[in-house]
Every structure is written in C-alpha cells, then in structure tokens.
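Below: the structure, in structure tokens.
FYI, the numbering just counts along the sequence from 1.
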Amino acid sequence: MDNQEFNNPPKLLLALIDSFNQPMWIVDKIGNVLMNAKAEEYSKKGFDIAVHSADLSVGCTKLVTHFGKNFKLNKRDINHGTNSCLCTLESAEDPIQRLKDSSKRLQKVLNAI
C-alpha cells in the first residue's frame with residue numbers, strides 16, 4: 001500500500017501543525033518557514049512572521065501587537081539536529097482588563113434582577 005502522506009514528510013508535518021487551532025510555524029536557520037493555516041491567515045493580514053521570528057531568541061517569549069491586539073510569541077527549539085524552531089502565537093489579553101469587563105457584565109446582570 002502506497003501512502004503519499006508518509007512518503008512526503010513535509011505534507012505530514014503540515015497536517016500535524018494544521019491540527020492546532022492557533023497560529024504556529026516552523027522556521028529554520030536560513031529563514032525557511034513552514035506555517036499552518038492560522039499562521040497563513042495572520043501573514044496575509046500583514047503580520048510579518050519572518051521578522052518577528054528572527055527578532056526573538058530561542059526559548060524566549062515576547063509581546064507583539066497586531067491590529068491593536070496583544071499576542072504572546074513563543075519560540076522553542078525543536079531538536080538540536082534540525083536547526084529549526086517552533087513558533088506559536090497566542091492571545092495575551094490583559095487580565096486586569098478582562099476582570100474589569102467581567103465585573104461590568106456581572107453588575108449589569110445584578111442590576112437587571
């Protein structure tokens with residue numbers, strides 16, 4: 001039985017990172033990027049993945065702003081032999097602001113009772 005997915009490791013790797021519901025990409029030392037669909041969406045909307053990835057050291061996290069929203073960008077080493085890193089982008093909502101918004105919603109509900 002010939003399964004093309006296993007004969008083509010990049011396809012299998014893309015399928016794996018596409019299974020995550022957050023922007024995620026793999027970048028190597030040369031600057032080649034392999035990204036999932038979510039990361040592609042951000043890239044098409046102007047988020048410069050290559051620049052943000054190059055600016056961040058391996059094993060570190062930084063806050064970035066894109067279209068007025070704050071995100072945490074993480075960069076981790078995959079394996080020392082591959083010279084590649086996995087980058088993830090996740091929402092970094094301000095916890096104090098979230099608490100204030102939650103309190104306002106609770107106050108509205110209590111006032112309605």
Side-chain angles (χ1 to χ4, degrees):
M1 181 159 130
D2 184 32
N3 188 339
Q4 277 215 348
E5 301 303 319
F6 289 104
N7 291 334
N8 191 346
K11 279 187 172 182
L12 184 61
L13 184 56
L14 269 174
L16 175 68
I17 63 174
D18 267 338
S19 68
F20 292 92
N21 198 27
Q22 76 181 95
M24 180 179 293
W25 60 93
I26 296 171
V27 62
D28 66 9
K29 281 178 86 172
I30 302 169
N32 295 315
V33 178
L34 183 64
M35 63 184 100
N36 69 359
K38 287 282 188 184
E40 255 182 66
E41 287 176 29
Y42 278 82
S43 181
K44 287 178 183 176
K45 292 178 182 175
F47 185 82
D48 196 341
I49 285 175
V51 168
H52 288 295
S53 299
D55 288 348
L56 185 61
S57 299
V58 176
C60 294
T61 300
K62 74 175 179 179
L63 288 176
V64 294
T65 303
H66 181 62
F67 286 129
K69 293 183 180 180
N70 292 324
F71 295 93
K72 284 194 308 188
L73 176 61
N74 301 300
K75 186 175 184 181
R76 293 192 174 78
D77 190 22
I78 294 177
N79 182 321
H80 295 292
T82 63
N83 292 321
S84 298
C85 297
L86 176 69
C87 298
T88 58
L89 192 66
E90 59 188 73
S91 179
E93 295 180 10
D94 180 21
I96 294 172
Q97 186 60 44
R98 282 186 16 217
L99 184 58
K100 286 178 182 178
D101 293 341
S102 178
S103 296
K104 286 178 186 177
R105 288 192 303 270
L106 178 60
Q107 188 63 42
K108 283 182 183 180
V109 170
L110 292 174
N111 288 339
I113 295 178

How long is the span from the [atom1] atom in [X] to the [atom2] atom in [Y], to the nearest 0.5 Å?
X: S57; Y: K75; atom1: OG; atom2: NZ; result: 7.0 Å
X: Y42; Y: H52; atom1: OH; atom2: NE2; result: 12.0 Å
X: R76; Y: C60; atom1: CZ; atom2: SG; result: 10.0 Å

Could you tell me which non-hydrogen atom of [X] sits nearest to which non-hydrogen atom of [Y], and how far apart they are?
X: S84; Y: D77; answer: O-OD1, 3.2 Å
X: V58; Y: C85; answer: CG2-SG, 3.4 Å
X: I49; Y: S53; answer: O-OG, 2.7 Å
X: S43; Y: M35; answer: CB-SD, 4.2 Å
X: H66; Y: G46; answer: CE1-C, 3.7 Å

Report yes if some heavy atom in the side chain of [X] is under 4.5 Å from a heavy atom in the side chain of [Y]; otherwise report no.
X: V64; Y: L89; answer: yes
X: T88; Y: F20; answer: no
X: K72; Y: L63; answer: yes
X: K44; Y: E40; answer: yes
X: D28; Y: N83; answer: no

Crowding at CG, N32 (>12 non-hydrogen neighbours, <6.0 Å):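 Above 12, so yes.
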Residue L106 excluded, over 12 heavy atoms near CG under 6.0 Å: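 It does: L106 CG has more than 12 such atoms within range.
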Candidate pair D55 and K62, rule side chain to side chain contact (heavy atoms under 4.5 Å, CB included), full reasoning: CA-CA 10 Å; D55 288 348; K62 74 175 179 179; 3.4 Å; yes
Under 3.5 Å donor-acceptor, N36 side chain and S19 backbone: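 Side chain of N36 to backbone of S19: no pair is present.
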V27 with L14, same ILVMFWY side-chain cluster at under 4.5 Å: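 No.
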Name of the residue among L86, D18, L34, N74 meeting side-chain contact (heavy atoms from CB on, under 4.5 Å) with M24: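 Result: among L86, D18, L34, N74, L86 is the only option passing the side-chain contact (heavy atoms from CB on, under 4.5 Å) with M24.
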Close aromatic pair by centroid cut-off 6.0 Å: F47 and F71: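 Judged by ring-centre distance (under 6.0 Å), F47 and F71 do not meet the cut-off.
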